[in-house]
A.B. asks: 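Take this structure, written in structure tokens, and hold onto it; I'll ask about it next.
Naming: A, B, ... by sequence-line order, numbering from 1 per chain. Just so it is clear, the values below take in all heavy atoms, side chains as well, and ignore hydrogens, waters and symmetry mates.
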Amino acid sequence: MSRITYQQACLDALAEEMRRDPRVWALGEDLGRGGVFGQYRGLVAEFGPERIADTPISEATIMGAAVGAALVGTRPVVEMRFSDFALCAVDELVNQAAKARFMFGGQARVPMVIRQPIGMWRSSAAQHSQSLEGWYTHIPGLVVVTPATAADNKGLLKSAIRCDDPVVYMEHKDLWQVPDDVPDGPDHLVPLGKARIAQAGSDCTIVTWSRMLSVALQAAGALAKDGLEAEVIDLRTLWPWDRQAVLDSVARTGRLIVAQEAVVVSGFGAEVAATVAEELGPRLKAPIRRLGSPRAPIAYSPPLEDVLRVTADSIADTAKRLCASG
Amino acid sequence: MSRITYQQACLDALAEEMRRDPRVWALGEDLGRGGVFGQYRGLVAEFGPERIADTPISEATIMGAAVGAALVGTRPVVEMRFSDFALCAVDELVNQAAKARFMFGGQARVPMVIRQPIGMWRSSAAQHSQSLEGWYTHIPGLVVVTPATAADNKGLLKSAIRCDDPVVYMEHKDLWQVPDDVPDGPDHLVPLGKARIAQAGSDCTIVTWSRMLSVALQAAGALAKDGLEAEVIDLRTLWPWDRQAVLDSVARTGRLIVAQEAVVVSGFGAEVAATVAEELGPRLKAPIRRLGSPRAPIAYSPPLEDVLRVTADSIADTAKRLCASG
Amino acid sequence: MSDAKHNIDVERLRRHYATMGLIRAFEDAAEQAAREGKVTGAVHSSVGQEAIAVGVCANLRQDDQITTTHRGHGHSIAKGTDPAKMMRELFGRAGGTSGGKGGSMHIADFSVGMLGANGVVAAGIPIAVGAAHGAKLLGNGRVVACFFGDGATNRGPFLEGLNWAKVFTLPVLFVCEDNAFASTTRTKAVTAGDGPAARARAIGLHAADIDGNDVALVDATVAELVARLRAGDGPMFLNCRTYRLRGHTAADAAAYRDASEVEARWQHDPMKLTAEQLQRLGVAESHLAGLRQAATVRVAQALAEAAAAPYPARATAFTDVQDVGAPA
Amino acid sequence: MSDAKHNIDVERLRRHYATMGLIRAFEDAAEQAAREGKVTGAVHSSVGQEAIAVGVCANLRQDDQITTTHRGHGHSIAKGTDPAKMMRELFGRAGGTSGGKGGSMHIADFSVGMLGANGVVAAGIPIAVGAAHGAKLLGNGRVVACFFGDGATNRGPFLEGLNWAKVFTLPVLFVCEDNAFASTTRTKAVTAGDGPAARARAIGLHAADIDGNDVALVDATVAELVARLRAGDGPMFLNCRTYRLRGHTAADAAAYRDASEVEARWQHDPMKLTAEQLQRLGVAESHLAGLRQAATVRVAQALAEAAAAPYPARATAFTDVQDVGAPA
Ligand SMILES: Cc1ncc(C[n+]2csc(CCOP(=O)(O)OP(=O)(O)O)c2C)c(N)n1
Ligand SMILES: Cc1ncc(C[n+]2csc(CCOP(=O)(O)OP(=O)(O)O)c2C)c(N)n1
Ligand SMILES: [Mg+2]
Ligand SMILES: [Mg+2]
């Protein structure tokens with residue numbers, strides 16, 4: 001175990017996988033100078049500019065070329081810089097990467113990782129702050145991963161790189177500098193599709209992912225002081241997601257809050273809520289609650305940006321109300 | 001009232017609005033020859049090639065140029081041909097059209113209609129068949145419309161053209177030739193955000209939109225023979241959607257089925273289901289059920305394609321089971 | 001014996017003619033089947049453009065690779081795809097190249113380096129570039145030919161892909177099939193400047209601009225370009241002027257152009273031109289008729305087989321989606 | 001009195017110098033405020049590129065329009081935006097150009113035809129083209145100048161937008177600020193061919209390629225190009241060679257380039273060049289110092305005002321979203 005940052009953890013993960021498998025390479029803008037968040041720092045020295053490739057500002061072709069390179073047997077790790085810019089490459093991701101294996105009847109696979117940092121990062125405004133993870137869960141063929149901790153950003157990135165299908169890998173921009181205890185050595189893998197009970201509890205279930213995990217844990221801490229035990233589940237992977245872990249928990253607690261940073265409307269929280277309603281509906285002790293951003297673009301000005309944030313208080317308040325009713 | 005097709009209805013709507021407002025114009029590939037589904041047939045003769053503009057195959061710029069043209073006071077109607085191709089223009093739609101009004105503090109508006117035909121259309125396969133309406137409901141700034149009938153394809157298109165914000169307008173490719181009674185004259189407007197109770201009933205509520213409406217009505221017909229009265233609600237507009245109409249209905253019937261052609265996972269049905277669970281959860285008589293496509297790309301071969309379709313039988317069966325339980 | 005102009009030997013030209021004839025027969029049969037409703041999806045015929053497919057692919061090894069477009073039957077056949085398997089795909093049957101999942105717009109045959117057709121105009125360009133990028137990283141000496149239409153040169157990936165290939169010095173041959181149409185629109189009406197080759201040159205690529213209906217010329221030009229690819233000279237560009245003799249799809253009567261224009265273009269039909277050339281080289285028309293007849297028979301058999309083949313098992317609607325998270 | 005080379009009159013050049021000085025002062029203050037954490041978002045300085053903004057916008061009428069990029073303060077000031085309003089925007093305050101909702105990357109000022117900065121590289125190109133398309137449809141005689149960087153010429157919309165403008169004969173002036181960098185990358189390292197102007201010419205546009213640090217030259221060149229736009233000659237292209245004297249953002253020390261390289265480029269600083277030119281034309285350095293001083297004072301005041309301005313009301317987080325379906 002070492003205490004390292006989320007940023008260092010994924011750096012280690014990529015370096016280990018590149019050492020292990022010569023077919024793994026990374027491509028994107030400015031990677032040679034370490035990438036825009038330092039998450040490629042120093043890699044070009046070890047692996048050279050062929051395997052840490054600086055590209056033109058050509059998002060569509062970064063994505064499309066990775067599809068081609070994956071089809072012929074390499075394992076590209078694509079850096080999109082901000083998930084917002086990946087919107088310049090949606091055809092290549094959704095119509096090509098996600099569908100090639102199926103459309104071609106299984107003749108080939110598309111083992112690629114698409115890194116798309118998400119989330120609010122002080123005053124990044126409407127085009128540099130979006131959390132669009134829900135979108136990609138809707139697209140057959142894609143795996144969607146949203147690591148919340150340094151340990152997971154190591155273990156999940158390694159699993160993503162080893163996955164034979166395209167993985168949309170969404171780090172959160174506000175987590176890069178957050179440290180965590182991370183298992184040492186190259187064998188720390190976190191399986192895709194397995195949630196983690198970040199805190200056990202019996203009064204209500206809070207399902208969350210990405211940066212919202214720390215907010216949910218804070219809320220759980222506050223609730224504990226009021227004698228309420230919240231169970232906090234970090235989904236880690238949104239597709240496939242760990243339905244069973246969530247259903248088991250909610251079956252025990254009878255109450256569900258889904259907390260996400262993304263816009264609530266048609267966010268992934270809707271899928272979680274709908275699934276729980278379908279499976280457990282009449283057995284719930286209280287109505288389901290979703291928390292997330294109102295449906296408005298993200299403003300630049302700090303106080304306006306903050307209006308959109310889900311806070312520990314809002315989670316705790318919601319939990320208290322749910323636990324009071326029913 | 002005249003009996004005209006869905007295709008003719010929207011042709012009439014566009015022509016009427018172009019006559020009424022000289023700022024309205026249409027742009028897209030092959031419009032001069034009537035558009036790929038004939039939905040622009042004859043318009044170039046009346047309005048000339050400036051206002052029915054044939055464009056290069058440049059989806060990103062079709063969308064982006066429309067944003068610019070809208071910002072300076074024209075009212076473009078953008079034709080994307082297949083919603084799948086609109087994926088080549090997502091930055092322009094999501095980062096630009098949807099956000100400009102807000103990012104610029106309300107200095108300008110983006111009155112444009114983005115037509116994106118959706119849905120399965122025999123053997124169009126994975127890149128020409130998608131129903132991605134759910135995606136756009138997640139994006140602040142966008143209105144999302146999914147007309148199910150010829151009457152609505154007239155009245156909603158006219159409302160969309162008159163709307164001062166970007167409207168993602170999704171016709172269904174399998175409906176072009178379907179006739180319906182359509183009110184005559186240029187005053188037939190259908191308001192954005194109002195659902196229609198396509199059939200009243202008290203035993204369960206079936207919420208649907210687009211082509212699935214006819215399937216749901218068929219199911220309701222079959223259920224009637226078994227003595228079950230299903231209420232069928234056509235949402236018509238997915239954003240804003242008529243929450244109140246749905247909640248009122250489900251409050252009465254106590255049972256909800258959401259039927260959609262799109263992939264179930266994170267489709268708009270999840271938003272409807274989650275909302276009803278939040279608002280009415282413990283008062284439901286039976287668990288909510290969502291029907292839609294399994295999460296797989298759409299295959300070419302007819303029998304494989306059909307595996308993904310929601311049928312009247314599957315809706316009726318689900319309704320019967322819900323009505324039996326509870 | 002050889003044709004002086006392009007120094008092509010008659011046997012090679014005869015083989016080209018045979019392959020072109022096979023493509024022609026395939027396209028005619030596929031269009032007919034589409035009109036009869038036997039092929040349920042769209043069919044985009046490459047009739048009139050066969051010389052390009054054949055002239056290019058004749059210079060590729062089996063393990064070299066290609067990407068193609070919605071109009072890709074010819075390229076597939078020229079690269080070595082079995083027409084019978086491809087016809088089964090068009091019929092949506094088991095045993096089709098993609099198991100019936102893709103249809104005409106998603107033909108692929110990785111066994112012969114055919115990396116896939118594409119339903120999205122210009123989408124094959126970055127994919128081809130990436131395949132070449134992969135070849136370079138793997139050091140396997142393969143080259144990639146990337147087919148696309150003149151209409152595709154107005155989409156962003158055209159610029160991005162060419163620039164990328166040049167920046168990374170990748171072994172890609174870009175082949176533009178400049179057939180005058182983009183669906184129902186005359187490409188020139190929506191395209192500025194001096195054409196695809198001029199655009200390529202501005203991005204630093206060597207570009208040739210030739211009559212794409214002359215198979216010997218295509219063959220000879222590509223031989224040179226592919227040699228340069230293999231020598232590591234970076235991407236090469238080839239614009240092939242041709243004409244789309246049929247409608248955009250089997251359903252398109254192409255009433256937006258005069259019959260007289262089309263008739264004039266039939267005089268420049270590559271099958272006709274190649275036949276005349278072969279005759280000048282001493283091959284009898286009866287021999288050529290035999291080649292055409294063999295193609296027709298082979299395609300008729302493919303068609304009959306396809307029509308008789310079973311549909312894929314319904315469970316395959318859920319296979320090949322993804323390893324984790326596929327529908328149960 | 002006028003400078004023979006560009007036939008520019010000294011008063012016009014003096015005004016250019018004053019505006020360039022205002023931009024310089026604004027950028028210096030904004031960068032400083034960003035480093036101090038007073039400006040919470042990213043700041044991209046246009047120091048070294050002021051001559052382009054000023055030389056171009058001097059040839060536009062107030063109701064002509066521009067689009068710009070993440071590096072757009074200079075263009076905005078040159079087009080007539082009040083620096084005080086813009087500074088409030090950078091501080092996220094009420095009364096900012098976008099009411100604090102946009103920040104530096106989303107400056108817009110429709111009152112002077114500034115249609116918006118953009119956080120997405122090259123995204124302003126289609127928007128500018130569309131604005132020109134709108135102008136043509138409305139017949140209002142306006143022209144549009146579209147600013148973008150050299151890095152943007154590798155994105156698809158560059159090709160698509162130029163082609164579109166030419167096909168529809170639109171009054172757009174494309175202005176490439178060829179400042180040698182795209183973020184931390186040297187643009188040349190990822191760009192093939194003979195540069196932006198060559199690409200534009202291949203798409204059929206008339207293109208000029210000039211020293212963008214010479215404001216008189218920019219002014220004179222643009223005067224001619226804009227005259228052609230107004231005459232209906234269709235889109236024009238201008239490549240302005242320059243150098244990004246600061247880091248990519250205020251947070252970027254730009255350690256990826258040698259201090260000596262940067263120093264050499266400061267010798268070619270447009271402020272310095274213009275001052276020398278004015279001195280040659282007989283304007284005293286003391287007068288120029290006065291102009292610079294006035295700019296510094298004006299910006300200092302803008303800064304103080306911005307820092308003192310209130311934040312926008314929280315309810316405005318939900319205004320300007322959309323007419324139907326906005327959050328309650
Ligand atoms: C991105 C995109 N836009 C539009 C279409 C519809 N479409 C299919 S083929 C075609 C014309 C393509 O023209 P060209 O590239 O010249 O190829 P050709 O059909 O002539 O072989 C169009 C517009 C598409 N498939 N993809
Ligand atoms: C589509 C997109 N990709 C990447 C970025 C990140 N980015 C911001 S500015 C920039 C460099 C732009 O270079 P250039 O166009 O030359 O403009 P300059 O910064 O030199 O003014 C990059 C890569 C972005 N904003 N948008
Ligand atoms: Mg063509
Ligand atoms: Mg630059």
A.B. asks: Without swapping roles, check the side chain of A:Gln96 against the backbone of A:Leu93 for a donor-acceptor pair under 3.5 Å.
C.D. replies: no
A.B. asks: Under a 4.5 Å heavy-atom cutoff, which of B:Ala98, B:Pro287, B:Pro294 has the most pairs with chain A?
C.D. replies: B:Pro287
A.B. asks: Taking 4.0 angstrom as the limit, do B:Arg81 and B:Glu29 come out as a salt bridge?
C.D. replies: yes
A.B. asks: Which atoms of A:Leu142 come close to chain B, meaning under 4.5 Å heavy atom to heavy atom: side chain ones, backbone ones, both, or neither?
C.D. replies: both
A.B. asks: I'd like to know whether A:Ser210 forms a side-chain hydrogen bond (donor to acceptor under 3.5 Å, both in side chains) with A:Thr146, so could you lay out the CA-CA distance, the side-chain angles of the two residues, the decisive distance to 0.1 Å, and finally the verdict.
C.D. replies: CA-CA 5 Å; A:Ser210 189; A:Thr146 52; 5.7 Å; no
A.B. asks: For side-chain hydrogen bond (donor to acceptor under 3.5 Å, both in side chains), just list the numbers for B:Lys194 and B:Gln244, CA-CA rounded to whole Å, side-chain angles, deciding distance to a tenth of an Å, and then say yes or no.
C.D. replies: CA-CA 9 Å; B:Lys194 284 276 164 259; B:Gln244 208 48 56; over 6 Å; no
A.B. asks: Taking the side chain as every heavy atom from C-beta outward, state whether A:Glu271 and A:Thr137 have any atom pair closer than 4.5 Å.
C.D. replies: no
A.B. asks: Please classify the contact of B:Leu304 with chain A as side chain, backbone, both or neither, using a heavy-atom distance under 4.5 Å.
C.D. replies: neither
A.B. asks: Is the shortest side-chain heavy-atom distance between A:Arg243 and A:Val276 below 4.5 Å?
C.D. replies: no
A.B. asks: Between B:Thr275, B:Val263, B:Ile298, B:Leu256, who has the most heavy-atom pairs with chain A when the cutoff is under 4.5 Å?
C.D. replies: B:Val263
A.B. asks: Quick one: what part of A:Val272 sits under 4.5 Å from any heavy atom of chain B, side chain, backbone, both or neither?
C.D. replies: neither
A.B. asks: Tell me, side chain or backbone of B:Ser293 under 4.5 Å from chain A's heavy atoms, or both, or neither?
C.D. replies: neither
A.B. asks: So, B:Arg109 and B:Asp165, do they make that salt bridge, N to O below 4.0 Å?
C.D. replies: no
A.B. asks: For residues 57-66 of chain A, dump all side-chain donor-acceptor pairs below 3.5 Å to protein atoms at least two apart in sequence or in another chain.
C.D. replies:
{"from": "A:Ser58", "atom 1": "OG", "to": "D:Asn154", "atom 2": "O", "distance (Å)": "2.7"}
{"from": "A:Thr61", "atom 1": "OG1", "to": "C:Glu160", "atom 2": "OE1", "distance (Å)": "3.0"}

A.B. asks: Mind listing the closest non-hydrogen atom pair of A:Leu280 and A:Ala251 along with its distance?
C.D. replies: CD1-N, 3.8 Å
A.B. asks: Heavy-atom count check: over 12 atoms from other residues, nucleotides or ligands less than 6.0 Å from B:Arg309 CZ?
C.D. replies: yes
A.B. asks: So, are B:Asp203 and B:Arg255 salt-bridged, with charged N and O less than 4.0 Å apart?
C.D. replies: no
A.B. asks: Distance from A:Cys204 atom SG to A:Arg321 atom CZ, nearest 0.5 Å?
C.D. replies: 12.5 Å
A.B. asks: I want to know whether B:Phe268 and B:Trp209 have ring centres closer than 6.0 Å.
C.D. replies: yes
A.B. asks: Please flag which part of B:Ile139 lies under 4.5 Å from any non-hydrogen atom of chain A: side chain, backbone, both or neither.
C.D. replies: both
A.B. asks: Only pairs of heavy atoms separated by less than 4.5 Å count here; which of B:Asp91, B:Asn95, B:Ile288, B:Val258 has the most with chain A?
C.D. replies: B:Asn95
A.B. asks: By number, which residues in residues 117-127 of chain A have some heavy atom less than 4.5 Å away from chain B?
C.D. replies: A:Ala126, A:Gln127
A.B. asks: Which of the residues B:Tyr300, B:Trp239, B:Phe85 is involved in the greatest number of heavy-atom pairs with chain A at under 4.5 angstrom?
C.D. replies: B:Trp239
A.B. asks: Using heavy-atom distances under 4.5 Å, tell me whether B:Ser301 contacts chain A through its side chain, its backbone, both, or neither.
C.D. replies: neither
A.B. asks: In terms of heavy-atom proximity below 4.5 Å to chain A, should B:Ala86 be classed as side chain, backbone, both, or neither?
C.D. replies: neither
A.B. asks: Please state whether the side chain, the backbone, both or neither of B:Leu284 comes within less than 4.5 Å of a heavy atom of chain A.
C.D. replies: neither
A.B. asks: Give the member of B:Ser266, B:Ala270, B:Ala262 that has the highest number of heavy-atom pairs under 4.5 Å with chain A.
C.D. replies: B:Ser266
A.B. asks: Look at B:Arg295, B:Met103, B:Arg289 and state which one has the largest set of heavy-atom pairs under 4.5 Å with chain A.
C.D. replies: B:Arg295
A.B. asks: Heavy-atom pairs under 4.5 Å with chain B - which of A:Gly281, A:Pro282, A:Ala273 has more of them than the others?
C.D. replies: A:Pro282
A.B. asks: For A:Ala89, is it the side chain, the backbone, both or neither that has a heavy atom under 4.5 Å from a heavy atom of chain B?
C.D. replies: neither
A.B. asks: Can you find a pair of side-chain heavy atoms, one from A:Lys99 and one from A:Val94, that are under 4.5 Å apart?
C.D. replies: yes
A.B. asks: At a 4.5 Å cut-off on heavy atoms, which part of B:Val264 comes close to chain A: side chain, backbone, both, or neither?
C.D. replies: backbone
